[in-house]
Amino acid sequence: MSQDDRSSLLARAAQLGSRYLEGVADRPAGATAPGKELRAALGGPLPEAGTEGLAVLEALDAAAVRGTCATQGPRYFGFVTGGSLPAATAADWLVSAWDQNGAVYALSPLVSVVEEITAGWLRDLLGLPASTSAGFVTGAQMANFTALAAARHQVLRNAGWDVEANGLPGAPAIDVLVSEESHYTISMALRLLGLGAATARRVPSDGQGRMRPAELARMLTGTAGPCIVCAQAGNVNTGAFDPIADIAAITRTRGAWLHVDGAFGLWARVSPALSGLVQGLETADSIATDGHKWLNVPYDSGIVLCAHPGAHRAAMTLAAAYIVADAAERDPHEFVPEESRRARAVPVYAALRTLGRDGLIALVERNCAQARRMAGNLARHPAVRILNEVVLNQVLVRFEAPGADADVLTRAVIAGVQAEGTCWLGGTTWHGMAAMRIAISNWSTTDEDIDRSAEAIIRVLEA
Ligand SMILES: Cc1ncc(COP(=O)(O)O)c(C=O)c1O
């Protein structure tokens with residue numbers, strides 16, 4: 001392959017990517033090609049002879065229009081899916097072009113320094129102590145895992161046990177308490193850490209999914225020994241926040257480690273109007289969040305923050321003679337489970353630098369106002385019941401009409417909206433009731449997109 005071939009391939013990829021993005025707002029919000037069609041277009045036996053790179057790109061692009069979900073578009077409200085800011089996407093392309101291994105400073109001074117700068121900006125934005133350590137991982141799942149590994153290290157070390165050296169057999173038991181509404185990735189992290197998903201004690205929550213601090217205090221009364229408490233900033237269904245300041249006061253008295261999973265809700269902290277929801281965050285021992293949700297960084301991007309850099313590093317570091325460490329510089333691998341790794345902080349840096357503090361506040365506040373607008377538009381219809389207090393970017397909707405089974409009707413409306421294509425949203429079960437979940441976390445969503453989507457939902461309901 002010549003230099004020219006490489007340049008034309010990259011130029012074509014940029015063209016195809018741009019064309020894809022230009023059309024994304026006008027395409028059905030969900031994927032329209034079934035797997036069978038995609039397998040037929042792209043599959044078959046591995047070719048013996050190689051195929052031209054351009055032809056491979058064209059084939060992928062042709063399948064992408066119908067085979068991808070328009071998650072980059074302004075009316076994709078499924079799961080909690082951020083779009084990607086143009087500068088973050090472009091910076092991510094650079095990351096691929098550079099192909100840096102962001103494990104240690106010696107492998108890429110740039111990556112290490114960009115991580116350091118980005119970590120500083122995040123501490124500033126979130127109002128966290130300057131000593132807070134940061135790791136850039138694949139998502140909130142790995143951020144939760146890394147944070148809880150640091151927690152496991154510290155609470156066992158306090159009990160005189162070196163878990164990194166000796167593992168868990170014979171270790172003092174750790175009392176883990178999670179909200180009954182905690183995200184399942186907390187359970188997965190506990191499972192991977194050998195702490196068990198089912199052994200965690202589940203603290204009751206209120207009608208919005210917020211942990212009840214009084215219940216936590218009751219469950220901790222009279223207990224001693226290693227203890228970890230997991231709170232949540234932003235319930236995946238309702239957007240509700242556990243009262244972190246109250247929970248922190250209780251965990252401090254008990255000498256427990258407090259972890260906060262703020263996969264998307266954490267970003268409320270940047271807005272003066274919303275930061276009260278995340279009051280007390282600065283006292284947490286560890287925090288997990290995502291870049292690829294509300295910060296609108298492309299997949300995959302997660303961030304772990306830890307108030308105890310020593311514990312964070314101890315849980316993640318294992319020295320090897322050939323890994324050159326420069327004591328004066330920061331080695332990113334000391335804060336994450338991976339060794340060789342993509343330069344994940346670079347698109348986060350690009351997102352933060354292009355938005356600035358004001359831009360990020362505006363993005364978060366706009367999406368929250370749009371969630372209220374969506375709830376208001378839908379609630380005008382007599383068959384619509386909004387199940388949550390719309391405190392953030394999540395709207396939980398149920399459809400109830402005389403003579404209809406509300407679960408059946410709600411699931412039918414969700415399926416109908418997905419097929420209709422104006423917008424895409426998913427379903428859930430909330431307190432035993434089928435419900436539609438609407439999550440608004442895209443920089444390009446306009447109020448007009450909200451109104452158009454609400455009209456489409458009502459049209460499907462009435463049909
Ligand atoms: C509260 C919470 N925690 C963790 C996660 C997992 O995030 P990820 O899929 O980025 O690992 C999510 C995803 O929606 C979430 O809402």
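Just the heavy atoms: all of them, side chains too, but no hydrogens, waters or symmetry mates, feed the values below. Both counts, for ligands and for their atoms, begin at 1 and track the order of listing.
For residues 73-98, the set of pairs meeting the salt bridge (charged side-chain N to carboxylate O under 4.0 Å, His left out) definition, not counting sequence neighbours, comprises R75-D449, D92-R342.
Applying the side-chain contact (heavy atoms from CB on, under 4.5 Å) test to A25 and every residue at least two apart in sequence or in another chain returns P74. Among residues two or more places apart in sequence or in another chain, the ring-ring contact (aromatic ring centres under 6.0 Å, His included) test is passed with H292 by Y299.
At distances below 3.5 Å, at least one donor-acceptor pair connects side-chain atoms of T251 with backbone N or O atoms of I247.
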- Stepwise, does the salt bridge (Lys or Arg N to Asp or Glu O under 4.0 Å) test hold for E116 with R330? CA-CA 7 Å; E116 192 184 296; R330 179 183 181 279; 6.0 Å; no

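A distance limit of 4.0 angstrom between heavy atoms and ligand 1 selects the residues G139, A140, Q141, H183, T185, Q232, G234, V236, D261, A263, F264, D290, H292, K293.
Once rounded to the nearest 0.5 Å, the distance linking CD of E181 with NE2 of H183 reads 10.5 Å.
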